[in-house]
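Everything numeric in this text was worked out from a predicted model, so none of it was measured.
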Amino acid sequence: KATGESFIYLKDFGFGQESAAQLVRNVATGEVVIRKVVKNLCYRKNYESPEPFRPVKPKEIEILEKVRTWPDMPGVPRYLSECYSHEYIKVKETQYKGVGPLYRSVGMWRLCNGGSIFDATDFDSNADHDNYATLLPLVGWARYVWQVVGTLHFLGHGNPEGIPLTHRDCHPGNIFIHWNDDDTLLPDFILGDFG
C-alpha cells in the first residue's frame, strides 16, 4: 500500500462538488495515478477520547470493495474504477470547535488516460487530451453503450444478496475512457465516481 508520501504532485486534474483530483506520480514505480482528495474534513467527535482515530471508509470505496466480491455474470461486463489505496492525512492537530484533530480522506486511483465522455464530446473544451468524439468510429460508440449499460446491469442485478445497487451519479463526466496500450483500436469505458 503506497502512502501519500510515496507520490509527487504533477498538476490539478479536475474539481467536483465533493473532491478534487490531482495527477501524481509514484516515486518508486513511476506510475501516474489520480489522487482524489475529499474536500470535507473528518474528525473524531470526542477530542478527549484515548481511542485512535478510526473513521469509516468513504462510501465510494466501500461500495467498490463490496462489488468486487460479487461473482461474475456470464456475458455481462464489469468496467469499474479502481482504487489502489486510501488513507486519512492529518491536516490540523489542534482542537477545532470542540473536535480535532482534523483529517482529510485521500485515495489513489487508476488513471483513465482518455479523460471522460464529457471531455470527449465537448467540442469547446480546453482539455489536455484529443477530442475522441471525432476520432472514435461508430463501433467504438457501440462498445461504449455495451460496456456502460452492461456495467449498470451488473450493479443492478449482480448482488448475490439480491439487493440492487444504483450508481446515482452516472453522467458523462463520471464515465472515463481508457486506452490500454498504443495498439488498442478501441478504448474501454470505465464507470467511476460513486461518491
Exercise for the section: Looking only at non-hydrogen atoms, find the nearest pair between L186 and G140 and report the distance. Expected result: CD2-CA, 3.6 Å
Practice task
Please round to the nearest 0.5 Å and tell me the distance separating atom CE of M108 and atom CD of E87.
Solution key: 6.0 Å
Handout entry: Within-4.5 Å side-chain heavy-atom neighbours: Y88 and P58
Key = yes
Problem - E18, E65, K36, H86 screened by side-chain contact (heavy atoms from CB on, under 4.5 Å) with E60, the one that passes - result: K36
Exercise for the section: Check the hydrophobic clustering (I, L, V, M, F, W, Y; side-chain heavy atoms under 4.5 Å; chains of links allowed) and say if W146 and M73 are grouped together. Expected result: no
Practice task
Kindly indicate, with the supporting measurements, whether the criterion side chain to side chain contact (heavy atoms under 4.5 Å, CB included) is fulfilled by L165 and N159.
Solution key: CA-CA 8 Å; L165 179 64; N159 188 345; 6.0 Å; no
Practice task
Please identify each residue that fulfils side-chain contact (heavy atoms from CB on, under 4.5 Å) with C170, with sequence neighbours left out.
Solution key: L152, H167, I175, L191
Exercise for the section: Show the numbers, then the answer: is there a side chain to side chain contact (heavy atoms under 4.5 Å, CB included) between D188 and N180? Expected result: CA-CA 8 Å; D188 286 326; N180 288 309; 2.8 Å; yes
Exercise for the section: Could you state whether W179 and L23 fall into the same hydrophobic cluster, counting links through intermediate Ile, Leu, Val, Met, Phe, Trp or Tyr residues with side-chain heavy atoms under 4.5 angstrom apart? Expected result: yes
Problem - Nearest-0.5 Å distance that lies between atom CG in N174 and atom OG in S81 - result: 9.0 Å
Handout entry: Over all atoms of both residues, closest heavy-atom pair of P164 and G156
Key = CB-O, 3.2 Å
Practice task
Could you walk me through whether Y84 and I34 pass side chain to side chain contact (heavy atoms under 4.5 Å, CB included), step by step?
Solution key: CA-CA 10 Å; Y84 293 145; I34 295 292; over 6 Å; no
Exercise for the section: Apply salt bridge (Lys or Arg N to Asp or Glu O under 4.0 Å) to E62 and K59, showing your working. Expected result: CA-CA 5 Å; E62 208 173 89; K59 199 68 169 169; 3.5 Å; yes
Practice task
Taking all heavy atoms of Q147 and all of F189, pick out the closest pair and write down the distance.
Solution key: OE1-N, 2.7 Å
Practice task
Apply salt bridge (charged side-chain N to carboxylate O under 4.0 Å, His left out) to D181 and list each qualifying residue two or more places apart in sequence or on a separate chain.
Solution key: none
Problem - Value rounded to 0.5 Å, distance of CD1 in I8 from CZ in R25 - result: 6.5 Å
Completion exercise
Between A20 and F15, the two heavy atoms sitting closest are CB-CD2, 3.6 Å
Problem - Interatomic distance, Y9 atom OH to Q22 atom CD [nearest 0.5 angstrom] - result: 6.0 Å
Problem - Between OG1 on residue T69 and CG on residue L64, distance to nearest 0.5 Å - result: 11.0 Å
Exercise for the section: Begin with the C-alpha distance, continue with both residues' side-chain angles, and end with the deciding distance and a verdict on side chain to side chain contact (heavy atoms under 4.5 Å, CB included) for I61 and W109. Expected result: CA-CA 10 Å; I61 295 172; W109 295 80; 3.9 Å; yes
Problem - Within-4.5 Å side-chain heavy-atom neighbours: N26 and V33 - result: no
Handout entry: Single-linkage hydrophobic cluster, 4.5 Å side-chain cutoff, V145 and I190 together
Key = no
Practice task
Rounded to the nearest 0.5 Å, what's the gap from CD1 on I117 to NE2 on H171? Could you check?
Solution key: 12.5 Å
Problem - Heavy-atom closest pair, residues S116 and P172 - result: CB-O, 3.6 Å
Exercise for the section: Treating Ile, Leu, Val, Met, Phe, Trp and Tyr as nodes and any side-chain heavy-atom pair under 4.5 angstrom as an edge, say whether V149 and F176 lie in one connected cluster. Expected result: no
Practice task
Indicate the atoms forming the closest heavy-atom contact of R68 with L80, along with that distance.
Solution key: NH2-O, 3.5 Å
Exercise for the section: Flag yes if I177 and Y79 sit in one hydrophobic cluster, no otherwise; membership is Ile, Leu, Val, Met, Phe, Trp, Tyr, and two members link when side-chain heavy atoms are under 4.5 Å apart. Expected result: no
Exercise for the section: Let me know which of R35, K11, E31 forms a side-chain contact (heavy atoms from CB on, under 4.5 Å) with V24. Expected result: R35
Practice task
Give the ring-plane orientation class for F154 versus W70, where under 30° counts as parallel, over 60° as perpendicular and anything between as tilted.
Solution key: tilted
